[in-house]
J.: 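Take a look at the following structure, please.
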Amino acid sequence: MKVSEALQAWGKVLAGRYPVLSIEVTRECPLRCPGCYAYEDGHLGEGSNLRQLSDLQGEALILGVLDVVKRHRPLHLSIVGGDPLVRFREMEVLLPRLHDMGVFVQLVTSAFRPIPAAWVHLPRLNVVVSIDGLQPEHDERRKPATYERILKNIVGQNVIVHCTITGQMMKRAGYLDEFLQYWCPRVEIKKVWMSMFTPQKGSNARECLTPAERGQAIQDLVRLRRQFPKLDMGEQTVREFAHPPQSPQECIFSQTTLTISADLQTKISPCQFGGNPDCSRCGCLGSMALAAVGHHTLPGGVTLGSIFRASAHIGRVAARFHAQEPSREL
């Protein structure tokens, strides 16, 4: 996010709004990936997860999403799941309508089925394809969305590859180098993003990175971004992984993002991960990118983060005031 975009987002916060909206448009996914936060008990609170929630289909889903967007008027909409391509017919109708409304959209998918050819002609749309490491590990974790199927399904597209770095990957030297050497030369790939696995508090899952592995991943990313221009991560963003925000209240991304689940009513808190995320081990790229923006110093020594915190406080007070204010007849 550029400084100018950040200031525009802060204006939304000042008005008591969320500049970023994320919607889980379906509870369905053909994959069963280890460590997927959406299907962990507690993702939606009180032991419940995405699969236990009712979702919408057809016209009800299309109109429902449009209604949520019109009410919240975000600068950016992230469409996630489940996997949104489960509802590809609805997405084929919805995405052009969102584009015509001037909404910038990011759709996150496993690319288990072909991405519709027309989507490449929507300049306000980013399609993000999640890939879990090199082919042997990815194909085992994410079947049926195997490397072979992904390569077939992104032909003619212009997608962003997103990889979540796990503890298993960092136990082999040069793993991230090999991953980028495979994906960056491909014409269908315009950018590569990397996050780190974010566990819930108390988790000792195999995906968790040790402090040493996290430090090595940071060093590798700083080095690799110079070697691979498609690795679209600023150096300051990468270095933020060394000291992530220690709570959702300190996290600008959490405070500026409203996440709604598949019934289009349930709000997910305290951030997109739901449940009780371990902020001390957060690996969210969005969180790190906005933390880097927040540390940007304006003339006079004021940081954008301090502007945000003041805006958020005023916005919350204003929102409470307007909610309590009695309506007036004109």
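In what follows, every heavy atom counts, from backbone to side chain, and hydrogens, waters and symmetry copies are set aside. As the structure is a computational prediction, the values presented were derived from the model and not from experiment.
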J.: Is any side-chain heavy atom of C184 closer than 4.5 Å to one of V192?
T.: yes
J.: Could you tell me whether D132 and R141 have a side-chain N and a carboxylate O separated by less than 4.0 Å?
T.: yes
J.: Dump the intermediate steps for side chain to side chain donor-acceptor pair (under 3.5 Å) on E24 and S261, then the final yes or no.
T.: CA-CA 5 Å; E24 296 176 334; S261 198; 2.6 Å; yes
J.: Take atom CG of D100 as the centre, draw a 6.0 Å sphere, and report whether it contains more than 12 heavy atoms from other residues, nucleotides or ligands.
T.: yes
J.: Within the side chain of T26, is there an N or O that forms a donor-acceptor pair under 3.5 Å with the backbone of E28?
T.: yes
J.: Checking S203 side chain against P199 main chain: does a donor-acceptor pair fall under 3.5 Å?
T.: no
J.: Between E148 and T146, is a side chain to side chain donor-acceptor pair (under 3.5 Å) present by the stated rule, with each step listed?
T.: CA-CA 5 Å; E148 180 182 9; T146 60; 5.0 Å; no
J.: Considering residues at least two apart in sequence or located in another chain, which fulfil the side-chain contact (heavy atoms from CB on, under 4.5 Å) criterion with E40?
T.: Q200
J.: Quick test of your reading of the model: are R87 and D55 salt-bridged, counting only N-O distances below 4.0 Å?
T.: yes
J.: Checking ring pair (Phe, Tyr, Trp, His ring centres under 6.0 Å) between Y147 and each of F179, F112, W183, which is the one that passes?
T.: W183
J.: Counting only N and O atoms by type, is there a donor-acceptor contact under 3.5 Å from the side chain of Y18 to the main-chain atoms of T259?
T.: no
J.: Would you say the side chain of I23 lies within less than 4.5 Å of the side chain of I79, judging by non-hydrogen atoms?
T.: no
J.: With the side chain counted from C-beta on, respond yes when V161 and K191 share a heavy-atom pair under 4.5 Å apart, and no when they do not.
T.: no
J.: When you compare the side chain of P19 with that of P74, does any pair of heavy atoms fall below 4.5 Å?
T.: no
J.: Please determine which of K143, H138, R142 meets the side chain to side chain contact (heavy atoms under 4.5 Å, CB included) test together with E140.
T.: K143
J.: Output the distance between atom CG (D139) and atom CZ (R149), rounded to the nearest 0.5 Å.
T.: 11.0 Å
J.: Got a donor-acceptor contact below 3.5 angstrom from the R214 side chain to the L209 backbone?
T.: no
J.: What class does the angle between the rings of H43 and Y37 fall in, given that below 30° is parallel, 30 to 60° is tilted and above 60° is perpendicular?
T.: tilted
J.: Counting N and O atoms only, with roles assigned by atom type, does the side chain of T198 sit under 3.5 Å from a partner on the main chain of G283, one being a donor and the other an acceptor?
T.: yes
J.: Once rounded to the nearest 0.5 Å, what's the spacing between atom CG of L125 and atom CG of L77?
T.: 10.0 Å
J.: Taking the side chain as C-beta and beyond, is there a heavy-atom pair between M233 and F241 under 4.5 Å?
T.: yes
J.: State whether the side chain of K230 and the backbone N or O of I160 hold a donor-acceptor pair below 3.5 Å, judged by distance alone.
T.: no
J.: Quick one: are M91 and W119 in side-chain contact, heavy atoms under 4.5 Å?
T.: yes
J.: Can you see whether F228 has R226 sitting over its ring - NZ or CZ less than 6.0 Å from the centre and within 45° of the normal?
T.: no
J.: First locate atom CG of L264, then atom OG of S54, and finally report the distance between them rounded to the nearest 0.5 Å.
T.: 11.0 Å
J.: Quick check: are there more than 12 heavy atoms from other residues, nucleotides or ligands sitting under 6.0 Å from NZ of K171?
T.: yes
J.: Check whether Q246 reaches the backbone of P244 with its side chain - one donor and one acceptor, N or O, closer than 3.5 Å.
T.: yes
J.: Salt bridge or not for R223 and D220, using N-O below 4.0 Å?
T.: yes
J.: Taking atom CZ of R172 as the centre, report whether more than 12 heavy atoms of other residues, nucleotides or ligands fall under 6.0 Å from it.
T.: yes
J.: Please determine if D83 and R113 form a salt bridge, counting it only when a charged side-chain N lies under 4.0 Å from a carboxylate O.
T.: no
J.: May I ask you to test the L176-M194 pair for a side-chain heavy-atom distance under 4.5 Å?
T.: yes
J.: Side-chain contact, heavy-atom cut-off 4.5 Å: L53 with T266?
T.: yes
J.: Would you check if the side chain of K201 reaches a backbone N or O of D278 as a donor-acceptor pair within less than 3.5 Å?
T.: no
J.: What do you reckon, is CZ of R51 surrounded by more than 12 foreign heavy atoms closer than 6.0 Å?
T.: yes
J.: Kindly give the heavy-atom pair with the smallest separation between P123 and H99, and that separation in Å.
T.: CD-NE2, 3.1 Å
J.: Can you tell me if N153 uses its side chain to pair, donor with acceptor, with the backbone of A111 under 3.5 Å?
T.: yes
J.: Is any side-chain N of the basic residue among K70 and D67 closer than 4.0 Å to the acidic one's carboxylate O?
T.: no
J.: Step by step, work out the side chain to side chain donor-acceptor pair (under 3.5 Å) result for Y39 and Q52.
T.: CA-CA 9 Å; Y39 298 114; Q52 298 167 308; over 6 Å; no
J.: Test side chain to side chain donor-acceptor pair (under 3.5 Å) on N126 and K190 and set out the steps.
T.: CA-CA 10 Å; N126 277 326; K190 63 178 176 181; 2.6 Å; yes
J.: Does atom CZ of R206 have more than 12 heavy-atom neighbours from other groups under 6.0 Å away?
T.: no
